[in-house]
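Everything below concerns the one structure shown next.
We name chains A, B, ... by the order of the sequence lines, and we start the count at 1 in each one.
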Number of protein chains: 2
Amino acid sequence: MSRVLNSPQIVSPETAERVRKAIEQLGYRPNLFAQGLMTRKSRVLGIALPDIHGEFYSELLRGADAEARKLRYHLLVGSEARAGAGGGGGQSETGNGGGHGTGGGVGAGPGGPSTAEEGSLAHAFGLVDGLAVMITEPNERLWRAAVSSSLPVVVLDAEVDHPSVDSVMVDNAVGTREAVEHLLSSVPPGQLYFVGGPAENYDTKRRAETFAEVLRGTGAVIRPDQIVYGQYSVEWGYAWAAENLRGGKLNGAGILTGNDEIALGILQAAQDADVEVPGQLKIVGFDDTRLASLVRPSLSTVRVPLAEVGAAAIDALVRRVEDPTRPSTKTRLATNLIVRESSGWAR
Amino acid sequence: MSRVLNSPQIVSPETAERVRKAIEQLGYRPNLFAQGLMTRKSRVLGIALPDIHGEFYSELLRGADAEARKLRYHLLVGSEARAGAGGGGGQSETGNGGGHGTGGGVGAGPGGPSTAEEGSLAHAFGLVDGLAVMITEPNERLWRAAVSSSLPVVVLDAEVDHPSVDSVMVDNAVGTREAVEHLLSSVPPGQLYFVGGPAENYDTKRRAETFAEVLRGTGAVIRPDQIVYGQYSVEWGYAWAAENLRGGKLNGAGILTGNDEIALGILQAAQDADVEVPGQLKIVGFDDTRLASLVRPSLSTVRVPLAEVGAAAIDALVRRVEDPTRPSTKTRLATNLIVRESSGWAR
DNA sequence: ATGAAAGCGCTAACAA
DNA sequence: TTGTTAGCGCTTTCAT
């Protein structure tokens, strides 16, 4: 009987024992499909990321997975990478063009349109109890699919204002501010640069804004070349630096980048051009991926609690799954500057 | 009607159209639980890794995910990390002790014993069509769970000899041989070292064996200190090198490591001790993770086609799911040496 | 406290 | 070609 497993307290001890023994004997396993058919629950959560690869998403996923396991849920992953036409920006390391990415990843909710090639989690929609979806840049389709879904949804990264959708974001401002002020302590405002990822990327955008804000706070006027956009890739960082290192333009400069990869590219270009870091050029990355602490000189960077972001998303999602009436929450996790060799210490 | 969706060819065009319109109108979505209850299929595959974190597993997972999507399946991930008592060795980057890891990760098949804290995928067993499980070191429980499962199973990394279990492995021998011979071209046999990961780890073991074999092929007698085991971590590599760099013992030596992380640790120790790489010390890593090409000097390494391994696993699994009678296959993917700066070129 | 039966939404087999 | 029905294995309700 299912009573033994689900409500052990209302069944007599001896019956329970008898049943339990039979279960053991027969190697009985409840059929999860039948169970799901009745209860409408699977204890499986979907997580849709722009990409699955690299330190960034790997760490996020790890945090999400750990939290899910703690709450006794499972994770069904779905990366949008290579899904639709032109992948999204995200923090992809491959640095493949900056297409505005209409790429799917989540099917439309009931009532919405649905094509055969809807995208990653469309098919699995019906199997999961909820969905965590990361939206790193404007993506109308993904967005509408997310908010109009009948499933509990938590959105990562994008600004959300929907009564039934939870969101988890990173507070870029604090860390960015710390980083810029840190750089300003040894570099004049006119020598400070922000080398970002894709201009559409929400995080890059916010970081650039705070960068500009802090700089303007010093009374400085910002030149257009001080804030530039590209890709979240080593190659972009290297290319930008190689270009701008010429003529000693960057001598004595300070650079904040959109992520650690870009910073590493710049670091390598500097090394190849025999420019001393941090002596002649100071660099601060973003995210604090493992890379940052492993390269030499080690990379100063703004730490983003990636694992916590993943965990918070799962946490919010599970809460909502288990209590759908609960008001939506916005979680915002702090960032903070970590000073290492590339921006400060003498070696 | 379900006939329209499942066997469109046996239904008249106008009926099909009528039904399709109704489906659209009502926003109808087939219930996957009911569907699964009948068909016993979910198009979801479980993948159990020792850990989910770091370049190594990230890349493997990415390959698996890409292949799954191509075959129109979904991936349910389950890392064993922190599952049972003492995590397994695997290629975890955290370098937490080398416990022999009885850690669960997969529940026992029907008939087997099952405790409440069975591990990661136990609960989801009933939802997936098949299971890819990576076994990186002897683990009786995981092993028995895998082979005795009623589900289609493909084992990664471990040697398997079971008629119904497919396996995907890496052919460590070729790459290792290439690496050792490459090092032998500039370093005498007595100056060659293999600094491995955990001694129990299958890959490390095989690599050590081939290392020894090639060395013996030169007629040399191998000292015990030439082959050592530790963790798959930067810290272990650094510690070993820091220890052995003293007294110039490693001057003119060549080192092959169990993975890139260890190699990086050694590289850093060498740099901190002002030992020139590759001038005074040559280093070859293993895996060819992104790390290897990003550090300076760039790391020579034996490339392991991680993404292909993941893809091959999913491929084999899907084949078996869709044809359970098919004989089991063993896939073995080649490795090959990639020479970069740390073992060869002058900078 | 326990047995019996309805029904979740689908597919497959059987009628028409 | 199409309509009808049994039944997948569970949970839940209703009788007992």
Side-chain angles (χ1 to χ4, degrees), chain A residues 1-44 72-74 107 109-111 114 116 118 122-130 149-152 321-322 324, chain B residues 1-44 72-74 107 109-111 114 116 118 122-130 149-152 321-322 324:
Chain A
M1 288 307 178
S2 90
R3 269 187 275 242
V4 175
L5 295 122
N6 299 304
S7 334
Q9 63 281 24
I10 69 156
V11 78
S12 84
E14 57 267 26
T15 315
E17 189 46 43
R18 227 163 23 97
V19 174
R20 238 182 288 276
K21 197 160 292 174
I23 287 176
E24 184 89 355
Q25 216 85 53
L26 305 177
Y28 165 84
R29 292 281 178 165
N31 180 308
L32 298 187
F33 292 112
Q35 209 163 330
L37 184 53
M38 276 307 293
T39 62
R40 265 83 228 306
K41 293 258 153 320
S42 62
R43 299 198 79 81
V44 173
R72 320 206 89 242
Y73 278 76
H74 287 279
S114 85
E118 183 81 59
H123 165 264
F125 240 65
L127 274 183
V128 300
D129 293 347
S149 164
S150 54
L151 242 49
V321 165
E322 297 185 348
Chain B
M1 289 309 179
S2 92
R3 269 188 275 243
V4 175
L5 296 126
N6 298 303
S7 332
Q9 65 278 27
I10 70 157
V11 78
S12 82
E14 56 267 27
T15 317
E17 188 47 43
R18 227 160 26 94
V19 174
R20 238 183 287 277
K21 197 160 292 174
I23 286 176
E24 183 91 353
Q25 217 87 54
L26 305 176
Y28 167 84
R29 292 283 178 165
N31 180 309
L32 299 187
F33 292 112
Q35 210 163 327
L37 185 53
M38 277 306 293
T39 62
R40 263 88 229 305
K41 293 257 153 319
S42 63
R43 298 197 80 81
V44 173
R72 320 205 91 241
Y73 278 76
H74 287 278
S114 84
E118 183 78 61
H123 166 263
F125 240 65
L127 274 183
V128 300
D129 293 347
S149 165
S150 54
L151 243 48
V321 165
E322 298 185 346

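In terms of phosphate contacts, B:Thr15 brings no side-chain nitrogen or oxygen within less than 4.0 Å of OP1 or OP2 of D:dT1. OP1 and OP2 of D:dC10 both lie 4.0 Å or more from every side-chain N or O belonging to A:Thr39.
Helical stems in DNA chain D, defined as runs of 3 or more consecutive Watson-Crick or G-U wobble pairs with donor-acceptor distances under 3.5 Å: C:3-14 with D:3-14.
Contacts of A:Asp129 classified as side-chain hydrogen bond (donor to acceptor under 3.5 Å, both in side chains), with partners at least two apart in sequence or in another chain: A:Ser42. By the side-chain contact (heavy atoms from CB on, under 4.5 Å) test, B:Thr39 is found to be paired with B:Lys41, residues two or more places apart in sequence or in another chain being considered. For the side-chain contact (heavy atoms from CB on, under 4.5 Å) test, no residue two or more places apart in sequence or in another chain qualifies with A:Pro8.
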Polar pairs (N or O, both sides) under 3.5 Å between protein and nucleotides 8-10 of chain C?
{"residue": "C:dC10", "atom": "OP1", "partner": "B:Tyr28", "partner atom": "OH", "Å": "2.8"}
{"residue": "C:dC10", "atom": "OP1", "partner": "B:Arg29", "partner atom": "O", "Å": "3.4"}
{"residue": "C:dC10", "atom": "OP1", "partner": "B:Asn31", "partner atom": "N", "Å": "2.7"}
{"residue": "C:dC10", "atom": "O5'", "partner": "B:Tyr28", "partner atom": "OH", "Å": "3.3"}

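A donor-acceptor pair under 3.5 Å links the side-chain atoms of B:Arg43 to the main chain of B:Arg72, judged by distance alone. In this structure, A:Ser149 contributes its side chain and A:Leu151 its backbone to a donor-acceptor pair below 3.5 Å.
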Donor-acceptor pairs under 3.5 Å, side chain of residues 10-19 of chain A to any protein atom, not counting sequence neighbours: which ones?
{"residue": "A:Ser12", "atom": "OG", "partner": "A:Thr15", "partner atom": "N", "Å": "3.3"}
{"residue": "A:Ser12", "atom": "OG", "partner": "A:Thr15", "partner atom": "OG1", "Å": "2.6"}

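When the P atom of D:dT1 is taken as reference, atom CD of B:Glu17 falls 17 Å away, rounded to whole Å. Rounded to whole angstrom, the span from the CZ atom of A:Arg3 across to the P atom of C:dA1 amounts to 11 Å. One can place CD1 of B:Ile10 at 12 Å from P of C:dA13, the figure rounded to the nearest angstrom.
Once rounded to the nearest 0.5 Å, the distance linking OH of B:Tyr28 with CD1 of B:Ile23 reads 7.0 Å. Between A:Asn6 atom CG and A:Gln35 atom CD the span is 7.0 Å, to the nearest 0.5 Å.
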